[in-house]
Amino acid sequence: MSEPLLAVDSVTKLYPGGRIGCRDVSFNLYPGEVLGIVGESGSGKSTLLNCLSAKMEPTAGSIRFDTRAGGLTDIFSLSEPERRLLMRTDWGIVHQNPRDGLRMGVSAGGNVGERLMAVGARHYGNIRAEALDWLTQVEIPEDRVDDRPRDFSGGMQQRLQIARILVSQPRLVFMDEPTGGLDVSVQARLLDLLRGLVRSLGLAAVVVTHDLAVVRLLADRLMVMKDGDVVEAGLTDQVLDDPHHPYTQLLVSAVLQV
Amino acid sequence: MTPTSVLQVENLSKTFTLHTQGGVRLPVFADVSFTVGPGECVVLSGPSGSGKSTLLRSLYANYLPDAGHIRARHGGGWVDMVRAEPREILAVRHETMGYVSQFLRVIPRVPTLDVVAEPLLSQGTGQNEAEARAKTLLARLALPERLWSVPPATFSGGEQQRVNIARSFVRSYPILLLDEPTASLDQANRETVVALITEAREAGTAIVAICHDAPVRDAIATRLFDVTEFAAAA
């Protein structure tokens, strides 16, 4: 079969004082595959995501990404400009708070166009047309293109953030609680949209969440974390419907049926 | 050369351990072995609670057995559903093995016709042909045309089940798993589903089914497989 897009080998992150962030995490992510990481607050899922997305260097272990130029390359062996280029092109990060991923003072169209310009697009007409196309795909009405995101609802801001990321056609998207802080009805719409986009674009993604419904809808496979360790991993529906580890059983049985 | 079997179950065992209930162990079955060939329909028999659903879900890798093998013929090779990587299992589900559950897992906002046409589209069939085939099947299952453009979330149990069946029979799978496919259907629709199952089987699909309805079972089964013989000792 094909080569992995992301190869993670024995990643451990210790904080000062020896506190464990995450411990001995290994997995391969393949093109088009969506990995969900679940666990409660403090389980190490955000630490792991920060390591994977090169925000934080792990204490031990390696994270290699299949770069266009050199194949599987350790992301921490890249120079700072190379890593920044990777983040602008092949990677996309969907932040839980859209304010962290958007420029609030720039129009919606500008937010999307800016990412295109960062990878070298210069023709204004093309940039605007492509920005409009992406805004339509994330269901932002055309007459809101020139408005600033600070005037958008939370759900719309989140969809704009997603358009801003997808416009540069990333191969790997990191999502940190993509539906956190949104109303349930808005969540459903966003999830449905994400699911459609992930499938139609063949995106690989790592989704960190505490919401099991989110991973059931989005993720092909699942890792369950507790106290920095991966306690169970496998096919999403198998882990959720036939959990083996005591903690996973507790997690699944704690969900209210509606 | 046609293979003599497309699904091989070997010494399969499954026990649930409920850690939230003080580690209670619930043995379901042990050392189950059987094979299914193209054009066969094996109906799992035994009373409720004898482990038929657990076995069927294990075949689909929805449940993970403790021991044994489930080998599915896939793309010219064999995939062991007990040990394969998630992406291999998903590939088997995508191309080789279909599953009709009693319940439809509803995808919000997606209209019924698209739900049914989706397996064809993901297989590379063109939009028009996929829709035409989806419509033919929905009409055959007597789902009123006014419902086709509505997402199935608000449908009755019987309507949802017909959407589910249409979705699974709109394309052909080499292996098909059926969990009570006629449970909430009326007589006319039951007969339609029996006809669909028979057509699939005659076209070479290997079928494993759970079916409590005796007339339907007699109509579709080429063989019964009694799960109670493999009940595991507690």
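A note on names: the letters A, B, ... follow the listed sequences, proteins ahead of strands, and every chain is numbered from 1. Here the structure is a predicted model, which is why all the values come from computation and not from measurement.
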* **Closest non-hydrogen atom pair between A/Ala205 and A/Met175, with its separation** => CB-CE, 4.2 Å

* With a 4.5 angstrom heavy-atom cut-off, which part of B/Ile89 approaches chain A: side chain, backbone, both or neither? -> side chain

* **Residues B/Gln8 and B/Thr35: side-chain donor-acceptor under 3.5 angstrom** => no

* Under 4.5 Å heavy-atom distance to chain B, tell me which part of A/Glu33 shows up: side chain, backbone, both or neither. => side chain

* Show the numbers, then the answer: is there a ring pair (Phe, Tyr, Trp, His ring centres under 6.0 Å) between B/Phe34 and B/Phe230? => CA-CA 12 Å; B/Phe34 65 99; B/Phe230 301 90; 8.3 Å; no

* Plane angle bin for B/Phe16 and B/Tyr63 - parallel if under 30°, tilted between 30 and 60°, otherwise perpendicular -> perpendicular

* Asked: Is it true that a side-chain atom of A/Trp134 and a backbone atom of A/Ile165 form a donor plus acceptor pair closer than 3.5 Å?
  -> no

* Is any side-chain N of the basic residue among A/Asp241 and A/Arg216 closer than 4.0 Å to the acidic one's carboxylate O? -> yes

* Only counting residues at least two apart or in another chain, list the ones meeting side chain to side chain contact (heavy atoms under 4.5 Å, CB included) with A/Pro149. => A/Leu102, A/Met104, A/Asn111, A/Leu160

* Flag this pair as yes if the NZ/CZ of A/Lys226 is under 6.0 angstrom from the six-membered ring centre of A/Tyr247 and inside a 45 degree cone about the axis; otherwise no. => yes

* Asked: Under a 4.5 Å cut-off applied to non-hydrogen side-chain atoms, are A/Thr248 and A/Val239 in contact?
  -> yes

* Asked: Given a strict heavy-atom distance threshold of 4.5 Å, which part of B/Thr17 is in contact with chain A: side chain, backbone, both, or neither?
  -> backbone

* B/Lys14 side chain to B/Ala30 main-chain N or O, any donor-acceptor pair under 3.5 Å? -> no

* **Proximal to chain A - members of residues 122-133 of chain B, heavy-atom separation under 4.5 Å** => none

* To do: Below 4.5 Å from any heavy atom of chain B, which atoms of A/His244 appear? Answer side chain, backbone, both or neither.
  => both

* Taking non-hydrogen atoms and a cut-off under 4.5 angstrom, which of residues 35-43 of chain A neighbour chain B? -> none

* To do: Keeping to residues at least two apart or across chains, list the ring pair (Phe, Tyr, Trp, His ring centres under 6.0 Å) pairs with something in residues 169-214 of chain A.
  => A/Trp91-A/Phe174

